[in-house]
Amino acid sequence: MNSDVALLLETANFAAEKHRNQRRKDPEQTPYINHPLGVARILSHEGGITNIEVLQAALLHDTVEDTETSPAELEASFGPVVARIVQEVTDDKSLSKQDRKRMQVVHAPHCSQQAKLVKLADKLYNLRDLNRCTPVGWTPERVQEYFIWACQVVKGLRGTNSALEEKLDELFRQRGAHL
């Protein structure tokens with residue numbers, strides 16, 4: 001088997017184990033692992049990304065933030081580059097939700113190219129998910145606020161991947177959330 005394929009399968013398995021008891025906040029309570037798999041697929045299928053470390057980071061992008069995974073564990077299992085990319089896209093959970101969202105806008109322009117790719121695909125997945133169905137307890141106003149905030153984050157990621165940016169721009173136009 002191709003070593004990149006084996007590495008991606010190992011990474012997907014690790015992410016699936018870490019997220020095994022988590023669900024998305026949609027009414028169907030979709031298994032959480034669908035999200036990182038979807039983010040990696042967007043990068044590969046729609047963004048044309050073949051860099052193995054970027055695809056691994058996409059699969060792992062929520063492990064440090066949302067599970068009992070440490071950056072050291074990621075580095076030991078997948079190397080320093082993958083661990084760094086994941087760290088770049090990980091919110092500081094010690095901050096309030098409002099501050100975490102503000103910091104994403106502030107930090108976006110300063111991320112590495114690799115982290116920007118993961119962030120673009122993550123935002124694209126989440127916005128498509130919001131269009132598909134509203135999370136339990138979310139009002140239409142909260143959905144619109146998320147689109148406006150995501151547009152601000154994406155503004156700092158511009159110039160990273162035109163294919164993904166065009167798809168995001170279309171979603172922002174549909175919602176009247178473009179800047």
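In what follows, residues are counted from 1 in the order of the sequence shown.
At a threshold of 4.5 Å between non-hydrogen side-chain atoms, the residues Asn131 and Gln174 count as touching. At least one side-chain heavy atom of Arg84 sits less than 4.5 Å from a side-chain heavy atom of Glu88. A 4.5 Å side-chain heavy-atom check between Asp99 and Asp92 finds every atom pair outside the cut-off. Proximity of His35 to Asp122: side-chain heavy atoms (C-beta onward) are separated by under 4.5 Å at one or more points. Using a 4.5 Å heavy-atom cutoff, the side chains of Arg175 and Cys151 are not in contact. Using a 4.5 Å cut-off on side-chain heavy atoms (C-beta onward), Asn161 and Ile49 make contact. Between Leu59 and Leu37 the shortest side-chain heavy-atom distance falls below 4.5 Å. The shortest distance between side-chain heavy atoms of Gln144 and Pro140 does not fall below 4.5 Å.
In this structure, the separation between CG on Leu164 and CG on Leu117 is 7.0 Å, given to the nearest 0.5 Å. The distance from the CE atom of Met103 to the CD atom of Gln98 is 13.0 Å, given to the nearest 0.5 Å. The line from CZ of Arg128 to NZ of Lys123 is 14.5 Å long, rounded to the nearest 0.5 Å. Atom SG of Cys111 is separated from atom CD of Gln104 by 8.5 Å, given to the nearest 0.5 angstrom. Here CG of Leu130 is found 10.0 Å from CG of Asp26. Values are rounded to the nearest 0.5 Å. Rounding to the nearest 0.5 angstrom, the gap separating the OG atom in Ser3 from the CD atom in Glu10 is 13.0 Å.
There is no side-chain donor-acceptor pair under 3.5 Å between Asn34 and Arg41. Between the side chains of Asp62 and His19, no donor N or O sits under 3.5 Å from an acceptor N or O.
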Output, in order, the C-alpha distance, side-chain angles, deciding distance and verdict of salt bridge (charged side-chain N to carboxylate O under 4.0 Å, His left out) for Glu170 and Lys167.
CA-CA 5 Å; Glu170 181 56 32; Lys167 290 171 191 298; over 6 Å; no
Would you please test Lys119 and His61 for side chain to side chain contact (heavy atoms under 4.5 Å, CB included) and show each step?
CA-CA 9 Å; Lys119 284 183 104 38; His61 79 273; over 6 Å; no
List the steps and the verdict of side chain to side chain contact (heavy atoms under 4.5 Å, CB included) for Gln22 and Thr67.
CA-CA 9 Å; Gln22 294 176 306; Thr67 74; 3.6 Å; yes
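One hydrophobic cluster holds both Val153 and Leu43 under the rule that ILVMFWY side chains link at heavy-atom gaps under 4.5 Å. Linking Ile, Leu, Val, Met, Phe, Trp and Tyr residues whenever their side-chain heavy atoms come within less than 4.5 Å places Val39 and Leu171 in a single cluster. Tracing side-chain contacts under 4.5 Å through hydrophobic residues (I, L, V, M, F, W, Y), one reaches Ile85 starting from Ile42; they form part of the same cluster. Cluster annotation: Leu124 and Leu120 are assigned to the same hydrophobic cluster (Ile/Leu/Val/Met/Phe/Trp/Tyr, side-chain heavy-atom contacts under 4.5 Å, transitive).
With respect to the salt-bridge test (charged N to carboxylate O, under 4.0 angstrom), the residues Glu17 and Arg20 qualify. We find that Arg132 and Asp129 are joined by a salt bridge, their nearest charged nitrogen and carboxylate oxygen being less than 4.0 Å apart. Ion pairing of Asp91 with Lys97 is absent here, as no side-chain N (NZ or NE/NH1/NH2) approaches a carboxylate O to less than 4.0 Å.
Across Gln56 and Thr11, no two heavy atoms sit closer than the pair NE2-OG1, 3.0 Å. Minimum interatomic distance between Ser70 and Val64 (heavy atoms only, all atoms of both residues): C-CG2, 4.2 Å. Listed here is the closest heavy atom pair of Glu28 and Cys133: OE1-SG, 4.1 Å. When every heavy atom of Ile52 is checked against every heavy atom of Asp4, the shortest pair comes out as CD1-O, 3.5 Å. Scanning all heavy atoms of the two residues, the minimum distance from Phe14 to Leu60 falls at CD2-CD2, 3.4 Å. Heavy atoms only, all atoms of each residue included: Leu55 and Ala40 are closest at CD2-O, 3.7 Å.
Ring pair Tyr146/Trp138 is tilted by interplanar angle, where 30° to 60° counts as tilted.
For the pair Arg23 and Tyr32, the cation-pi test (distance below 6.0 Å, angle within 45°) is failed.
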Below 3.5 Å, can you tabulate the donor-acceptor pairs from side chains in residues 73-83 to any protein atom, sequence neighbours excluded?
unit_1	atom_1	unit_2	atom_2	d
Glu73	OE1	Lys18	NZ	3.2
Glu73	OE2	Lys18	NZ	3.0
Ser77	OG	Glu73	O	3.1

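Put simply, the side chain of Glu65 never gets that close to the backbone of Lys93: no donor and acceptor are under 3.5 Å apart.
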